[in-house]
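What follows is one structure encoded as structure tokens, with my remarks underneath.
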Amino acid sequence: MSEHKPSIVILTGAGISAESGIATFRDKDGVWSKFKLEDFATPEAFERDPVKVQHFYNERRAGMKGKQPNAAHEALARLEKEHEGEVLLVTQNIDDLHDRAGSKNLIHMHGELLKAWCTGCDMRSAWLEDIETESSCAFCGQKGSLRPDVVWFGEMPYQMDQIFDALERADIFISIGTSGAVYPAAGFVDAANQAGARTIELNLEPSDGSYLFDEVAHGPATEVVPNWVEWFLKEA
């Protein structure tokens with residue numbers, strides 16, 4: 001009988017991309033310290049003032065230009081490539097840095113900034129430039145039906161069934177660069193603990209739920225994540 005290779009589920013948040021120059025949302029100097037999320041990140045805000053909301057996300061999209069994956073993104077892509085067991089990466093981030101680092105088994109639970117969603121035909125397409133009121137859907141041609149493919153407050157994150165199925169099977173759960181304050185992601189550690197997984201927090205500082213983890217390592221993501229991956233691949 002072959003030796004069991006542990007199944008790993010990883011959750012990442014804004015802290016992993018901060019060292020690539022991507023603004024965080026909930027830190028004291030983050031995006032939501034400068035903007036009211038109720039005005040920019042809810043379906044109601046978009047219904048009230050779509051031009052204002054599109055402009056906000058157009059600025060976020062423009063801010064992605066020139067940003068590159070860092071050592072933490074690259075370490076997680078290496079883990080997936082070299083570990084013989086299952087590795088599922090779930091990110092709360094709407095940037096594409098995990099994708100460009102090479103992660104394949106990846107769920108963007110809060111959507112993707114560089115995609116547009118047509119509310120007319122329900123199709124999603126890559127979108128690197130501004131979305132304007134008169135922008136046309138690449139599939140159905142309808143104008144005025146595009147929005148950022150981003151999960152707003154009050155909306156259900158993507159692929160939750162697949163995520164909880166993976167957590168139920170997980171041997172190891174790792175939370176990286178997340179505040180532990182936003183549900184449902186903040187509840188993943190509880191689900192992993194109930195499944196009997198070994199739970200690990202790798203974060204710049206203790207999260208709101210740091211006490212729920214079996215192990216913690218605090219410091220910059222570009223240090224603690226590659227160090228853990230290097231250790232694990234040698235030990236596994």
Side-chain angles (χ1 to χ4, degrees), residues 7-18 22-27 30-32 35-38 40-46 53 57 60 72-73 76 80 86-99 103 105-113 115 117 119 122 124 147-216 221 225:
S7 173
I8 304 172
V9 177
I10 303 161
L11 172 69
T12 66
I16 199 169
S17 293
I22 305 293
T24 61
F25 281 82
R26 291 188 167 270
D27 289 346
V31 173
W32 299 138
F35 300 92
K36 287 179 65 177
L37 65 86
E38 297 87 351
F40 297 96
T42 67
E44 294 78 12
F46 188 62
V53 172
Y57 284 96
R60 309 275 86 68
H73 298 102
L76 295 181
E80 180 187 331
E86 181 185 1
V87 177
L88 173 64
L89 177 54
V90 180
T91 187
Q92 296 171 280
N93 299 338
I94 58 176
D95 62 58
D96 67 342
L97 298 184
H98 282 304
D99 308 75
S103 291
N105 196 22
L106 173 64
I107 292 176
H108 282 272
M109 65 177 291
H110 289 163
E112 299 178 65
L113 182 60
K115 285 186 178 180
W117 173 25
T119 56
D122 198 32
R124 290 162 168 83
R147 56 165 274 186
D149 187 19
V150 171
V151 175
W152 287 327
F153 290 90
E155 296 180 329
M156 180 61 69
Y158 296 156
Q159 300 185 56
M160 293 304 298
D161 288 345
Q162 293 93 317
I163 294 169
F164 279 109
D165 284 347
L167 287 168
E168 286 178 6
R169 300 191 309 272
D171 298 298
I172 299 172
F173 171 68
I174 311 170
S175 177
I176 302 170
T178 179
S179 66
V182 180
Y183 282 85
F188 290 177
V189 63
D190 283 326
N193 280 326
Q194 288 173 20
R198 173 180 159 206
T199 55
I200 302 164
E201 174 174 274
L202 307 177
N203 214 31
L204 183 60
E205 54 194 23
S207 71
D208 288 0
S210 194
Y211 65 95
L212 296 169
F213 290 85
D214 298 322
E215 303 169 35
V216 297
V225 177

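Values below: all heavy atoms of this structure, side chains included; hydrogens, waters and symmetry mates excluded.
Electrostatic pairing of Arg60 and Glu112 does not count as a salt bridge here, judged by no charged N lying under 4.0 Å from a carboxylate O.
Looking at Ile10 and Val87, their side chains come closer than 4.5 Å, going by heavy atoms from C-beta outward. Within the 4.5 Å cutoff, the side chain of Phe188 has heavy atoms near those of the Val90 side chain. In this structure, the side chains of Met109 and Gln159 stay at 4.5 Å or more apart for every pair of heavy atoms. Looking at heavy atoms from C-beta onward, Ser210 lies out of side-chain contact with Glu205 at the 4.5 angstrom threshold. Contact check for Glu86 versus Arg169: side-chain heavy atoms found under the 4.5 Å cut-off. A heavy-atom distance below 4.5 Å is found between the side chains of Leu212 and Asp190.
When ring centroids are compared, Phe46 and Phe40 stay outside the 6.0 Å threshold.
No side-chain donor-acceptor contact under 3.5 Å links Thr12 and Gln92. Using modelled atom types, one finds no donor on one side chain facing an acceptor on the other under 3.5 Å when comparing Asn93 with His108. For the 3.5 Å distance criterion, the side chains of Ser175 and Glu201 fail to qualify, holding no donor opposite an acceptor. Using modelled atom types, one finds a donor on one side chain and an acceptor on the other under 3.5 Å when comparing Ser17 with His73. Under 3.5 Å, the side chains of Asp149 and Tyr57 contain no donor-acceptor pair of N or O atoms.
Formation of a donor-acceptor pair under 3.5 Å by the Asp95 side chain with backbone atoms of Ile22 is not found in this model. Judged by distance alone, with hydrogens and angles left aside, the side-chain atoms of Thr42 form a donor-acceptor pair with the main-chain N or O of Ala45 at under 3.5 Å. Side-chain N or O atoms of Glu155 include one that pairs as donor or acceptor with a backbone N or O of Trp152 at under 3.5 Å. With hydrogens and angles ignored, the 3.5 Å screen pairs no side-chain donor or acceptor of Glu215 with any backbone N or O of Thr199.
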What's the verdict on side-chain contact (heavy atoms from CB on, under 4.5 Å) for Val53 and Arg147, showing C-alpha distance, side-chain angles and the deciding distance? CA-CA 9 Å; Val53 172; Arg147 56 165 274 186; over 6 Å; no
Using the side-chain contact (heavy atoms from CB on, under 4.5 Å) rule, take Asn203 and Val216 through it: C-alpha gap first, then chi angles, then the decisive distance, then the call. CA-CA 8 Å; Asn203 214 31; Val216 297; over 6 Å; no
Would Arg124 and Asp122 count as a salt bridge (charged side-chain N to carboxylate O under 4.0 Å, His left out) here? Give the steps. CA-CA 7 Å; Arg124 290 162 168 83; Asp122 198 32; 3.8 Å; yes
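Nearest heavy-atom pair across Ala186 and Gly180 is CB-O, 3.4 Å. In plain terms, the two heavy atoms of Glu80 and Ser103 that are nearest each other are OE1-CA, 3.5 Å. The heavy-atom pair separating Ile163 from Tyr158 by the smallest distance is CD1-O, 3.8 Å. Contact between Ala181 and Asp208 at its shortest, heavy atoms only, is CB-OD2, 3.5 Å. Scanning both residues, Ala170 and Val9, for their nearest heavy atoms gives CB-CG2, 3.9 Å. Ala166 and Leu88 get closest at one heavy-atom pair: CB-CD2, 3.5 Å.
To the nearest 0.5 Å, the span separating CG on Leu89 from CG on Asp99 amounts to 9.0 Å. Here CD1 of Ile107 is found 12.5 Å from NE2 of His98. Values are rounded to the nearest 0.5 Å. From Ile172, atom CD1 reaches atom CD1 of Ile200 across 5.5 Å, with rounding to the nearest 0.5 Å.
The side-chain contact (heavy atoms from CB on, under 4.5 Å) test with Ile176 is passed by exactly one of Thr91, Leu76, Leu11: Leu76.
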